[in-house]
There are 2 protein chains.
Amino acid sequence: MRIGDLSRETGVSVASIKYYLREGLLPPGERTSPNQARYDAAHARRLRLIRALVDVGGLSIAGTRDVLSAVDDPAVSLHDALGTAQAAVMARTEPVEDEATTRAEQTVADLVERRGWVASERNPGYRTAVDVLAALERLGGERVAGLLDVYAEAMDGVAAHEVAAVVDTEDRERSVERVVVGIALGGALMAALRGMAEATVSARRSGLAPDPAGVTGSG
Amino acid sequence: MRIGDLSRETGVSVASIKYYLREGLLPPGERTSPNQARYDAAHARRLRLIRALVDVGGLSIAGTRDVLSAVDDPAVSLHDALGTAQAAVMARTEPVEDEATTRAEQTVADLVERRGWVASERNPGYRTAVDVLAALERLGGERVAGLLDVYAEAMDGVAAHEVAAVVDTEDRERSVERVVVGIALGGALMAALRGMAEATVSARRSGLAPDPAGVTGSG
DNA sequence: ATAATTGGAGAGTAGAACTATCCGAGTCGG
DNA sequence: CCGACTCGGATAGTTCTACTCTCCAATTAT
């Protein structure tokens, strides 16, 4: 398979494939002569993974590269790859250290303790949670912040299923790939479903849709 | 309050404030003379809201403008504002219409029916869900897609609490503002918590942390 | 009085993610 | 085997986003 075939098969332009090659997201093809290379199904697969992470998961090119290096490096454990993928999906802001942040830190530390989570300040989720809670306090968003335990409970339930479904020990690379896809696309999927669920609740509240007979949200 | 005071109070540079003014994210100050204007606490509040949506919620400037117009327009209902905010947080790709998409559409339609959701193809979450599931199928991510009902159940639970907490009928503008903040920052918060919950499950699986005695994730 | 600041407009900038153009070297159809 | 097409690789250019800078006359602070 040459670059044109790869492009046709995946729908990614030749120019973009060259760009991903340059940026190190896609490994180079096998050279058949000083200026000719051959690509295979693994390249097509990788290309589809790149597109999914970038277009659907919203990762940056740089974040995608970090994630893919973790996938490719046999020395990176599943657990570490999970951390890398999480870091890549979280919107990071450098911290401000005002008193809203201080209080948010305490809130998160308490939550982590309360739930028995294993998460330090180096966990990307930990820092993001602090940022969000600090921003909420600055905005007076205590109604949202008050849902913290609701969110935490829901995420605890989801995480147990997710990790169990996605991890398997037989093939490290495939497993890491699934973990990464799960974090990036699973997050997008949850956001989408949350949108529909909220729209439904809101429509019923506004009288735009009737309350259903037996459906109360737990079936 | 003049622009310099506003900048000092919120930590946003004067140049950026002027930019937001130009882009229509921040309403103009009250003119005190042909080339002098006065700003008040409402401007500072709005500015903090802009920063939160952009920095923490990850919205674009254009998306933020759409959301804020909905907040400001008394003709926009809570339910519609919710849709606008959702559209602004979802990463949109134009659809591809291959057979993966066709199957994903069916999967989402079935899910919506199964859960009794009120969501059409015009719901931003609906389209995003289709995109994500189609991408998963192209990647062979059936393990993630298999969690669909787990995600849906979790989001149904969250949505009921969220809408109830965030909506109140006394003050439309404040209520819409809370809805918008809830969607943008609540989503970021959930992603962060998911990160910690997953890291915990993964650490225990990898033997990096002990299983706790009485904590099973439902306390 | 004079130095700093203001509002407003326009141009300039940095980074991200491509996209286009070249070029000399293969490859394929007739 | 020849001419058109395509290739890989390098470099430069483009588009978009989100600012940031520079001016300038008018105002305000000291």
Side-chain angles (χ1 to χ4, degrees), chain A residues 1-40 43-44 47 49-68 88-89 91-94, chain B residues 1-40 43-44 46-47 49-68 88-89 91-94 184:
Chain A
M1 220 202 270
R2 294 187 309 172
I3 204 168
D5 304 308
L6 195 56
S7 168
R8 243 160 279 121
E9 194 180 308
T10 59
V12 179
S13 75
V14 171
S16 292
I17 295 176
K18 288 180 175 184
Y19 170 64
Y20 295 148
L21 247 9
R22 269 199 310 276
E23 292 295 312
L25 304 202
L26 192 63
E30 184 197 351
R31 250 134 276 118
T32 61
S33 82
N35 65 341
Q36 214 71 189
R38 181 178 320 289
Y39 303 90
D40 59 20
H43 288 93
L47 210 35
L49 178 56
I50 294 169
R51 273 355 273 243
L53 294 178
V54 170
D55 293 346
V56 185
L59 301 216
S60 66
I61 294 296
T64 304
R65 180 177 42 227
D66 294 347
V67 164
L68 293 176
V89 293
R92 290 295 310 134
T93 316
E94 72 237 44
Chain B
M1 223 204 271
R2 292 188 310 172
I3 204 168
D5 304 308
L6 194 55
S7 168
R8 242 160 278 121
E9 193 179 309
T10 58
V12 179
S13 76
V14 170
S16 292
I17 295 175
K18 288 180 174 185
Y19 171 64
Y20 297 146
L21 247 9
R22 250 180 290 150
E23 292 296 311
L25 304 201
L26 192 63
E30 182 197 355
R31 252 133 274 120
T32 61
S33 82
N35 66 342
Q36 214 70 192
R38 181 179 321 288
Y39 303 91
D40 60 20
H43 287 94
R46 169 58 57 99
L47 210 34
L49 177 56
I50 293 169
R51 274 353 273 243
L53 294 179
V54 169
D55 294 346
V56 185
L59 300 218
S60 66
I61 294 296
T64 304
R65 181 179 38 227
D66 293 347
V67 164
L68 294 176
V89 292
R92 291 294 312 132
T93 316
E94 71 237 46

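The model shown is predicted, which means the values in this text are computed figures rather than measured ones. Residue numbers start from 1 in every chain, and the chains themselves are labelled A, B, ... in the order their sequence lines are given, proteins ahead of strands.
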Subject >> Stretch residues 7-31 of chain A: residues that reach within less than 4.0 Å of DNA chain C through a heavy atom >> reply: Ser13(A), Ala15(A), Ser16(A), Tyr19(A), Tyr20(A), Arg22(A)
**OP:** To the nearest 0.5 Å, tell me how far Thr64(B) OG1 sits from Leu49(B) CG.
**Re:** 8.5 Å
Distance-only criterion, 3.5 Å: show the donor-acceptor pairs between side-chain atoms of residues 4-11 of chain B and protein atoms not counting sequence neighbours.
{"from": "Asp5(B)", "atom 1": "OD1", "to": "Arg8(B)", "atom 2": "NH1", "distance (Å)": "3.1"}
{"from": "Asp5(B)", "atom 1": "OD2", "to": "Arg2(B)", "atom 2": "N", "distance (Å)": "2.9"}
{"from": "Ser7(B)", "atom 1": "OG", "to": "Val12(B)", "atom 2": "O", "distance (Å)": "2.7"}
{"from": "Arg8(B)", "atom 1": "NH2", "to": "Gly4(B)", "atom 2": "O", "distance (Å)": "3.4"}
{"from": "Thr10(B)", "atom 1": "OG1", "to": "Leu6(B)", "atom 2": "O", "distance (Å)": "2.8"}
{"from": "Thr10(B)", "atom 1": "OG1", "to": "Val12(B)", "atom 2": "N", "distance (Å)": "3.4"}

Original post:
Between Val54(B) and Ile3(A), which has a closest nucleotide on DNA chain D that is more 5'?
Top reply: Ile3(A)
Original post:
Touch check for Arg65(B), heavy atoms < 4.0 angstrom, all strands: base, sugar-phosphate only, or nothing?
Top reply: nothing
Original post:
Nucleotide by nucleotide, 5' to 3', does protein get under 4.0 Å of the base (B), only the sugar-phosphate (S), or neither (-) in nucleotides 25-30 of chain C, counting heavy atoms?
Top reply: SSS---
Acceptor/donor pairs from residues 22-35 of chain B side chains to any protein atom, 3.5 angstrom cut, sequence neighbours excluded:
{"from": "Glu23(B)", "atom 1": "OE1", "to": "Arg65(B)", "atom 2": "NH1", "distance (Å)": "3.1"}
{"from": "Arg31(B)", "atom 1": "NH2", "to": "Gly29(B)", "atom 2": "O", "distance (Å)": "3.1"}

Original post:
Where does the chain B footprint on DNA chain D start and end, counting 5' to 3' with a 4.0 Å heavy-atom cut-off?
Top reply: dA18(D) to dT28(D)
**OP:** Take atom CG of Leu47(A) and atom C1' of dC18(C), then tell me their distance rounded to the nearest Å.
**Re:** 14 Å
**OP:** Report the residues that fulfil side-chain contact (heavy atoms from CB on, under 4.5 Å) with Asp66(A), sequence neighbours left out, ordered by chain and then residue number.
**Re:** Thr84(A)
**OP:** Nearest whole angstrom, please: distance from the C1' of dT6(C) to the CE of Met1(B).
**Re:** 16 Å
**OP:** Rounded to the nearest 0.5 Å, what's the gap from CG on Leu68(B) to OH on Tyr20(B)? Could you check?
**Re:** 11.0 Å
Original post:
Distance from Leu21(B) atom CG to Leu47(B) atom CG, nearest 0.5 Å?
Top reply: 9.5 Å
